[in-house]
Amino acid sequence: MERTALRCVVGALAILFVLLADVPAAAADPHDDKDRVDRMAARTHAELEVASGRARAAGLAYARVGRQLPGARRRLAVAQGELAGAVVTARTAARAARRADA
């Protein structure tokens with residue numbers, strides 16, 4: 001008989017513990033949740049504004065570089081041509097110097 005009573009007491013205490021452990025969640029103020037969600041939404045909105053500004057700046061920089069690219073390619077082609085001419089001139093001069101020494 002004592003075991004049955006002890007089981008009932010332990011069971012009742014377990015049920016009471018479960019019910020009391022859930023009280024803070026049930027007693028939470030829904031306005032606190034709304035305030036928390038509002039703060040999160042405001043933070044997300046601010047982060048989105050910053051990201052949008054960065055994306056806008058990156059797009060402008062990309063467009064500016066894209067406009068400069070054709071001129072840079074032309075200057076590169078001219079420099080490569082001048083380099084090729086200088087290499088030919090240097091090789092010709094080196095051959096002439098070798099012939100003169102021979």
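These values consider heavy atoms only, across backbone and side chains, with no hydrogens, waters or symmetry-generated copies.
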Discussion item. Taking side chain to side chain contact (heavy atoms under 4.5 Å, CB included) as the definition, give me every residue that meets it alongside V50, ordered by chain and number, with sequence neighbours left out.
Written reply: R54
Practice prompt. Output every pair passing side-chain hydrogen bond (donor to acceptor under 3.5 Å, both in side chains) with a member in residues 58-85, not counting sequence neighbours, ordered by first then second residue.
Written response: none
Fill in: side-chain contact (heavy atoms from CB on, under 4.5 Å) between D33 and R36, worked out
CA-CA 5 Å; D33 288 342; R36 181 180 53 81; 4.0 Å; yes
Worksheet item: Going from OG on S52 to CD on E47, what distance comes out if it is rounded to the nearest 0.5 angstrom?
Response: 11.5 Å
Discussion item. Please determine whether a side-chain nitrogen of the Lys or Arg among D38 and K34 lies less than 4.0 Å from a carboxylate oxygen of the Asp or Glu.
Written reply: yes
